[in-house]
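In what follows, a structure is listed as structure tokens, so that the remarks can point back to it.
Every chain is numbered from 1, with letters handed out A, B, ... down the list of sequences.
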There are 2 protein chains.
Amino acid sequence: MKHSSVQETVEFIGTELSATLEDYLECVAMLAAGQRVVRVKDIAKSLGITMPSVSAAIVRLREKGLIDSEKYGYIELTPQGAALAERVCRKHSFLADFFHGVLRMDRKSANSEACRLEHHLSPEACRQIYRLVEFHRDQAQSETPWTGELREILDEKPLSELKEGDRAVIRRVAVEGALRKRLVEMGFRKGEKVRVVRYAPLRNPLELELKGYHISLRVEEARGIIVRQVGDEPEEE
Amino acid sequence: MKHSSVQETVEFIGTELSATLEDYLECVAMLAAGQRVVRVKDIAKSLGITMPSVSAAIVRLREKGLIDSEKYGYIELTPQGAALAERVCRKHSFLADFFHGVLRMDRKSANSEACRLEHHLSPEACRQIYRLVEFHRDQAQSETPWTGELREILDEKPLSELKEGDRAVIRRVAVEGALRKRLVEMGFRKGEKVRVVRYAPLRNPLELELKGYHISLRVEEARGIIVRQVGDEPEEE
DNA sequence: AAATAATGTTAGAGAAGCCTAAATTTATGT
DNA sequence: ACATAAATTTAGGCTTCTCTAACATTATTT
Ligand SMILES: [Mn+2]
Ligand SMILES: [Mn+2]
Ligand SMILES: [Mn+2]
Ligand SMILES: [Mn+2]
């Protein structure tokens with residue numbers, strides 16, 4: 001109701017949504033999948049935005065024929081809206097797979113990364129990333145050596161980036177000179193296990209556990225110790 | 001001049017630029033590298049934006065202490081501005097490497113892709129992609145088999161996506177039934193070379209050259225023929 | 001069946017970013 | 001030097017997206 005005549009489904013061309021509106025659509029789709037009905041309140045909560053802003057966004061989406069709702073009522077996607085939401089979700093999902101599965105970021109970061117990028121990727125880039133993810137999964141499954149090598153590289157990070165409670169194995173001490181000598185003498189050697197016990201209030205120094213002893217290190221020093229995080233990520237696929 | 005006291009360089013915290021402003025900064029840096037002076041006109045032309053809009057953006061950037069310029073005068077980056085621009089450029093550059101070098105997109109698409117995404121990637125994602133690019137380059141250099149396999153996969157595209165004049169080798173016919181039989185009988189077989197002679201005004205049908213003969217195909221039919229583009233991309237690294 | 005609470009909409013405002021049209025300033029040519 | 005051209009800024013307007021405060025509707029209690 002609004003368009004007068006033919007070609008409502010065919011006229012699918014001028015469908016260029018802003019990143020924001022795509023997120024609203026995606027959000028509605030996800031909520032709809034988990035609940036009977038979707039309300040302004042749910043969207044507001046889920047996106048961390050006030051209800052009036054959501055209300056206004058819903059109006060914009062309704063004008064584009066992507067959402068169907070009546071005043072004070074439930075919110076539903078039109079078929080067109082659902083189709084678009086589905087597209088966004090697919091992008092989100094395989095981008096998250098890329099960041100988590102291939103690039104080894106934790107699920108949460110991978111998701112937020114995906115949700116920021118999903119609106120800016122061209123279809124071609126999507127396709128190529130999708131293929132890369134699939135290829136990588138196949139190769140990882142057949143345990144080709146290169147996927148292991150890559151993982152080793154990707155899992156390296158400076159000790160200073162761990163969070164409280166994280167455990168890691170030391171890979172190398174990436175500083176030279178006196179500091180290196182000091183660190184090595186303290187026991188920071190390849191293969192050794194460390195655990196972050198606690199950050200001081202200002203994140204400096206940080207307290208570590210190494211071979212049963214507790215050691216304090218300044219963040220600048222910890223930055224030079226390259227570790228491989230361990231124990232995390234219970235692979236909740 | 002504006003901030004009254006200490007810590008102008010140290011206070012580097014609240015430096016969250018919008019995607020737009022990052023692009024302005026990047027643009028100024030690039031122009032500055034290629035010319036003696038940068039003017040509003042140059043930026044406007046380079047970004048495809050009107051001069052008044054650029055003027056306004058310059059004001060916003062000057063307020064943030066990232067650009068130094070006086071009315072009707074040249075535009076320069078402050079040290080802080082240059083530092084930020086440099087960061088954006090680095091992101092752009094290795095993202096472009098990712099899309100071109102790893103994902104096999106053509107340079108132009110890779111660049112525009114990179115320039116859209118560069119503003120939305122977290123530092124962690126940046127680092128991981130950077131590592132992936134490096135790893136891939138090393139592996140491709142030592143000609144490991146998997147990089148070749150991956151390339152084969154990434155280079156596949158439907159015949160319908162080629163542009164006029166493009167040449168390609170057929171990899172497979174990805175349809176079943178009568179249409180498949182017809183296409184195969186016409187000569188669309190694995191290993192055969194094709195060239196796109198011309199698209200009809202409405203992009204349908206498209207005229208192809210196959211084994212010296214000219215053949216017309218509807219786009220829907222061409223979509224089912226998976227090819228590997230060839231001859232393009234003179235590797236202008 | 002009120003009264004109260006929860007939810008949703010309206011009104012109004014502000015920041016970013018874009019535009020066109022109209023000054024204003026600087027550069028250039030004779 | 002002065003007229004003209006080019007570049008820049010100002011002024012004013014528009015869209016998108018956000019917010020708070022106030023009002024309206026719907027749901028829940030009592
Ligand atoms: Mn998103
Ligand atoms: Mn998303
Ligand atoms: Mn950019
Ligand atoms: Mn860029």
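As rounded to whole Å, 8 Å separates atom P of D/dC17 from atom OH of A/Tyr24. Atom-to-atom, CD1 of B/Ile58 to P of D/dT9 comes out at 8 Å; the value is rounded to the nearest Å. In this structure, A/Leu21 atom CG and D/dC17 atom C1' are separated by 9 Å, rounded to whole Å.
Residue contacts shown for B/Tyr74 are absent, as no nucleic acid heavy atom lies under 4.0 Å away. If you check every strand for non-hydrogen atoms under 4.0 Å, A/Thr20 touches sugar and phosphate atoms only.
Ion pairing between a basic and an acidic side chain is recognised when a charged N comes within 4.0 Å of a carboxylate O; B/Glu134 and B/Arg137 show such pairing.
For the side chain to side chain donor-acceptor pair (under 3.5 Å) test, residues two or more places apart in sequence or in another chain that qualify with B/Glu221 are B/Arg182, B/Arg218. Legend: residues meeting ring pair (Phe, Tyr, Trp, His ring centres under 6.0 Å) with B/Tyr130, ordered by chain and number and at least two apart, are B/Phe94. For A/Arg131, the side-chain contact (heavy atoms from CB on, under 4.5 Å) partners at least two apart in sequence or on another chain are A/Arg127, A/Gln128, B/Ile153, B/Leu154, B/Glu156. Partners of A/Ser53 by side chain to side chain donor-acceptor pair (under 3.5 Å), not counting sequence neighbours, listed by chain and number: A/Thr50.
Crowding of B/Gln35 atom CD: a count of heavy atoms from other residues, nucleotides or ligands under 6.0 Å exceeding 12.
Distance alone, capped at 3.5 Å, is enough to place a donor-acceptor pair between the A/Arg62 side chain and the A/Ser69 backbone.
Side-chain contact annotation: B/Ser122 with A/Glu113, donor-acceptor N/O pair under 3.5 Å present.
Mapping A/Lys71 and A/Ser18 onto DNA chain D by nearest heavy atom places A/Ser18 closer to the 5' end of the strand. Each of B/Thr50 and A/Ser55 was matched to the nucleotide of DNA chain C holding its nearest heavy atom; the match closer to the 5' end belongs to A/Ser55.
Annotation: proximity of residues 38-49 of chain A to DNA chain D (heavy atom, distance under 4.0 Å) is found for A/Ile49, numbered in ascending order.
Neither OP1 nor OP2 of D/dC17 sits under 4.0 Å from any side-chain N or O of A/Ser53.
Protein chain A touches strand DNA chain C; the 5'-most and 3'-most nucleotides with an atom under 4.0 angstrom of its non-hydrogen atoms are C/dT7 to C/dT10.
Between A/Lys41 atom NZ and A/Leu31 atom CG the span is 11.5 Å, to the nearest 0.5 Å.
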